[in-house]
Amino acid sequence: MKYISTRGSGEKLDSANAILKGIADDGGLFAPEDIPSIDLDFINNLTNLSYEERAKAILSLFLTDYTEEEIASCVERAYGGDKFDDVRRAPINILSDTAVLELWHGPTSAFKDMALQLLPELMSVALKKTGEKAEILILVATSGDTGKAALEGFKDAEQIKIMVFYPNGGVSDMQRLQMATQEGKNVKVVSVIGNFDDAQTGVKQIFGDEKFNAALLKQNVKLSSANSINWGRLVPQIVYYFSAYADLLKAKKINLGDKIDFSVPTGNFGDILAAYYAKLMGLPVGKLICASNANNVLTDFLKTGVYDKNRPFYKTITPSMDILISSNLERLLYHITNDAAQVKNWMEELYKTGRYDVGEKVLSKLKETFWADFTDDSGTKATIKSVYEDENTMIDPHTAVAFKAATEYKKMGGKNYTVVVSTASPYKFGRDALDAIGEKTDNLNDFEVLDLLFEKSKLSVPKGLARLKDAKILHNETVNKEQMADAVLNFVEKR
Ligand SMILES: *Cc1c(COP(=O)(O)O)cnc(C)c1O
């Protein structure tokens, strides 16, 4: 299978090259040229397989240039062993009339692990397959979750180094500790004086600086990115939608062929787009519910067909969804229209004016699959409280946003069995989770918060978070925006 640019340059690569490159030459994203299709037997056969075996079955449909052995070893290294704290990897928790798909049992307690544990393995194999001799330097700007998940995924990867920039004072104490204590011989973490945008702009400038890249190449280093526009981050996410369906079959909650709906807390549109690919392949999916917080640019888009990022930006208790440009929407528009020239125009309008309008015809096609809603922080907290009281289950704020949207869709007449996609452990957002159920945490330190949450939720404390209490600080460098490029050079030169 080949991958082509969503903006129509005609560039066509196999998956190994698409994963190494990340983004197409014309600025578009790599999308599969055609979508593999499966039948109900394929799904039925998944029911008695482990998560790893399910992953192999689905990945091999997309990564046709990887051998079965290569895929098997990538999958085992990503999900095998004891990196995940649940043998089912992505278990479903069946509640009274919905199920919650828990994607946070990986090493950093957020759903980013599902993809960022596998991406480095796919990249390492891609380096061998393509004969690439340069060392790859992954640069990441993070507002919290992605940085840690990427560090954990790439630590000690061969022929790859990783450097993460986060805004000084702009991440939670727990997130800072998670990154500052990162081990691994190929990792570097630096905080930037400024906010997330400053860190991200700095990284983008480094990517775009030809002179700088030429200087790196002299040292045999090439830059790459691990953000969610990389196909290697998207494809692992398709797996858990199939896995959830297979688990519901096994639990006799649905019959083979029944359509189910998924409600997905959405930011950059990667997670929900993976569900769309699963549907295109033939997974019986009814509606995909796109759940947003107060930054509801996607809700408006899926209701009106107008994407308009010219609006206030809100900081919410669901920071991983505080986003006004959802990069992966570009892939959806490409598959819905099959018209790369049109997609290119819209993306240029977005860049120039911050707005584009896809028109009635495209909107009605979008609406066949997607439904959208949003909730503000108070609605998010009220949902955490009601799920805690009615279902005896503690959920994180991002999951609550999806839960609320699923409830609203049911009220509008949604009849299918619904799966709420849960993207973070409540432990990652312990203060807000506890606040929602009426517990005060002002006088508690971060580790006392973990203890109180354990008392209230009876969920076991994730090892990766508990361990931070005694972990050594290994990274404490802080730079100005202007010093970021120098910091990169320093890291590269130090071997
Ligand atoms: C990244 C993230 C999201 C948003 O996922 P997208 O793929 O960007 O839409 C939602 N919740 C959590 C906890 C996340 O870390």
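It should be emphasised that the depicted structure is a prediction, and the values quoted were computed from it without experimental measurement. Whatever order the structure lists them in is the order used to number ligands and atoms, beginning at 1.
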- Query: Could you state the interatomic distance from NE2 (His475) to CE (Met163), rounded to the nearest 0.5 Å?
  - Reply: 10.5 Å
- Hey, are Gln182 and Lys148 close enough side-chain-wise for a donor-acceptor pair under 3.5 Å?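 Looking only at side-chain atoms, Gln182 and Lys148 do form a donor-acceptor pair, the distance falling under 3.5 Å.
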- Message: Under a plain distance cut-off of 3.5 Å, with no hydrogens placed, do Asp271 and Tyr241 share a side-chain donor-acceptor pair?
- Response: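 A donor-acceptor contact under 3.5 Å links the two side chains.
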- Message: Taking distance alone, with N or O pairs closer than 3.5 Å, would you say Asp271 contacts ligand 1?
- Response: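 There is such a contact, yes.
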- Please say whether Met321 places an N or O atom under 3.5 Å from an N or O atom belonging to ligand 1. no
- Structural part of Asp145 in contact with ligand 1, heavy atom criterion under 4.0 angstrom: side chain
- Message: Below a 4.0 angstrom heavy-atom separation, can you tell me which part of Lys112, side chain or backbone, both or neither, approaches ligand 1?
- Response: side chain
Identity and distance of the protein heavy atom lying nearest [atom]:
atom                    : result
atom 4 (C) of ligand 1  : Gly267 N, 3.6 Å
atom 6 (P) of ligand 1  : Asn268 N, 3.5 Å
atom 11 (N) of ligand 1 : Thr423 OG1, 2.8 Å

Short list, please: which atoms of ligand 1 are under 4.0 Å from a heavy atom of [X]?
X      : result
Thr266 : 9 (O)
Gly270 : 6 (P), 7 (O), 9 (O)
Ala424 : 13 (C)

- Keeping the roles fixed (side chain from Glu121, backbone from Val75), state whether a donor-acceptor pair exists under 3.5 Å.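 Looks like no, no N/O pair under 3.5 Å.
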- Task: Considering only NZ, NE, NH1 and NH2 on the basic side and carboxylate oxygens on the acidic side, decide whether Asp373 and Lys404 come within less than 4.0 Å.
- Result: no
- Query: Should the pair Arg311-Asp300 be classified as a salt bridge under the 4.0 Å nitrogen-to-oxygen rule?
  - Reply: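 Yes, charged N to carboxylate O under 4.0 Å.
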- Nearest candidate to atom 3 (C) of ligand 1, where distance is taken over non-hydrogen atoms, out of Phe429, Phe269, Trp104, Phe111: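 Result: the heavy atom closest to atom 3 (C) of ligand 1 is in Phe111.
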- Message: Counting C-beta onward and ignoring hydrogens, is there a side-chain heavy-atom pair between Asn268 and Arg233 closer than 4.5 Å?
- Response: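 Side chain of Asn268 against side chain of Arg233, heavy atoms only: no contact under 4.5 Å found.
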- Note on the structure: Checking Thr108, Leu474, Val189 against Met179 for side chain to side chain contact (heavy atoms under 4.5 Å, CB included), the one that qualifies is Val189
- Message: Yes or no: does Pro265 have any heavy atom under 4.0 Å from an atom of ligand 1?
- Response: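 It does, in that a heavy atom of Pro265 comes within the 4.0 Å cut-off of ligand 1.
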